[in-house]
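These notes concern the structure reproduced below.
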Amino acid sequence: MQGDVANLADLDRLFGQVQAEQGVVDIVVTSAGFVEHATIDVATPAHFDKTFSINARGVFFTVQKALPLMTRGGSIVLVSSSLHLKGLPAHGTYAATKAALRSFARGWAMELKDRGIRVNTLSPGAIDTPIIDGQFKTKEEADGARAAFAQLTPMGRIGRAEEMAAAALFLASDDSSYSTGIDLVADGGLTQV
């Protein structure tokens, strides 16, 4: 079902349909993300508002609207970013939204524990997805960024979407049943070594 996480009516429609078709939600993975390069000296209110609306506000209200359907416990995985651990020029607003998710996970882990709901974050590094292409004007620039990210990453490459799906599945499943409030960093070692 297509929708915009920044649009509360779309979220209401989504969870209304989920309730009608399934009645219950066991797992929520929030993975929407928006990146727009802007240093503080040129960032506009529109840039700030759009980034926070999608990356932080959208996550907050997605989880809030899912909670009434999480009647038998469950798991919430908030896809953050390893950039919340680093300072990268022109990514300050983006990184701040991802730090907000980290904070949400800590608070919600405590708020929701008595309901049997675990909350964790997954913090990917550079992953080969269309979000890289969307940050650049040409394919050549995007490919150059991929190469630069690979060079900066101790594992010598950027990650694959399948690797992040496996990490999210781990956090969502009973394989991580004793984990809540954690940040699983999957960034090829970029922020760790």
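Position 1 is the first residue of the sequence; numbering continues from there.
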### Task
Over all heavy atoms of both residues, which pair between Ile54 and Ala6 is shortest? Give the atoms and the distance, please.
CG1-CB, 4.3 Å
### Message
Is any side-chain heavy atom of Thr30 closer than 4.5 Å to one of Val5?
### Response
no
#### Entry: Non-neighbouring partners of Asn7 that pass side-chain hydrogen bond (donor to acceptor under 3.5 Å, both in side chains), sequence neighbours left out
none
### Query
Do Thr129 and Met164 have side-chain heavy atoms sitting under 4.5 Å apart?
no
#### Entry: Distance-minimising heavy-atom pair for Lys98 and Val79
NZ-O, 3.1 Å
### Task
For the pair Leu184 and Asn120, evaluate side chain to side chain contact (heavy atoms under 4.5 Å, CB included) and give the outcome as yes or no after the intermediate values.
CA-CA 8 Å; Leu184 176 58; Asn120 296 293; over 6 Å; no
### Task
Could you note down all residue pairs passing salt bridge (charged side-chain N to carboxylate O under 4.0 Å, His left out) where residues 46-59 supplies at least one of them, sequence neighbours left out?
none
Let me have the donor-acceptor pairs involving side chains of residues 101-110, under 3.5 Å, with sequence neighbours excluded, atom names and distances please.
from, atom 1, to, atom 2, distance (Å)
Arg102, NH1, Gly181, O, 3.2
Arg102, NH2, Gly181, O, 3.0

### Task
For residues 67-79, pull every pair meeting side chain to side chain donor-acceptor pair (under 3.5 Å), keeping only residues two or more places apart or in separate chains.
Asp26-Arg72
### Query
Considering residues at least two apart in sequence or located in another chain, which fulfil the ring pair (Phe, Tyr, Trp, His ring centres under 6.0 Å) criterion with Phe15?
none
Can you give the donor-acceptor pairs under 3.5 Å from side chains of residues 59-66 to other protein atoms, not counting sequence neighbours?
from, atom 1, to, atom 2, distance (Å)
Thr62, OG1, Gly58, O, 2.6
Lys65, NZ, Asp12, OD1, 2.7

### Message
My understanding is that only residues two or more places apart in sequence, or in another chain, count here; which of them pass side-chain hydrogen bond (donor to acceptor under 3.5 Å, both in side chains) with Gln17?
### Response
Glu21
## Note on the structure
With sequence neighbours left out, the residues meeting side-chain hydrogen bond (donor to acceptor under 3.5 Å, both in side chains) with Thr39 are Asp41
### Task
Could you pull out all residues at least two apart from Thr191 that satisfy side-chain hydrogen bond (donor to acceptor under 3.5 Å, both in side chains)?
Asp187
### Query
Among pairs that include at least one residue of residues 137-152, which meet side chain to side chain donor-acceptor pair (under 3.5 Å), considering only residues two or more places apart or in two chains?
Asp128-Arg146, Asp133-Arg146, Lys139-Asp143, Asp143-Arg146
Show which side-chain atoms of residues 85-95 pair as donor or acceptor with protein atoms under 3.5 Å away, not counting sequence neighbours.
from, atom 1, to, atom 2, distance (Å)
His91, ND1, Pro89, O, 3.0
His91, NE2, His37, NE2, 3.4
Thr93, OG1, His47, NE2, 3.1

### Summary
Residues pairing under side chain to side chain donor-acceptor pair (under 3.5 Å) where one sits in residues 164-180, two or more places apart or in two chains, turn out to be Arg118-Ser176
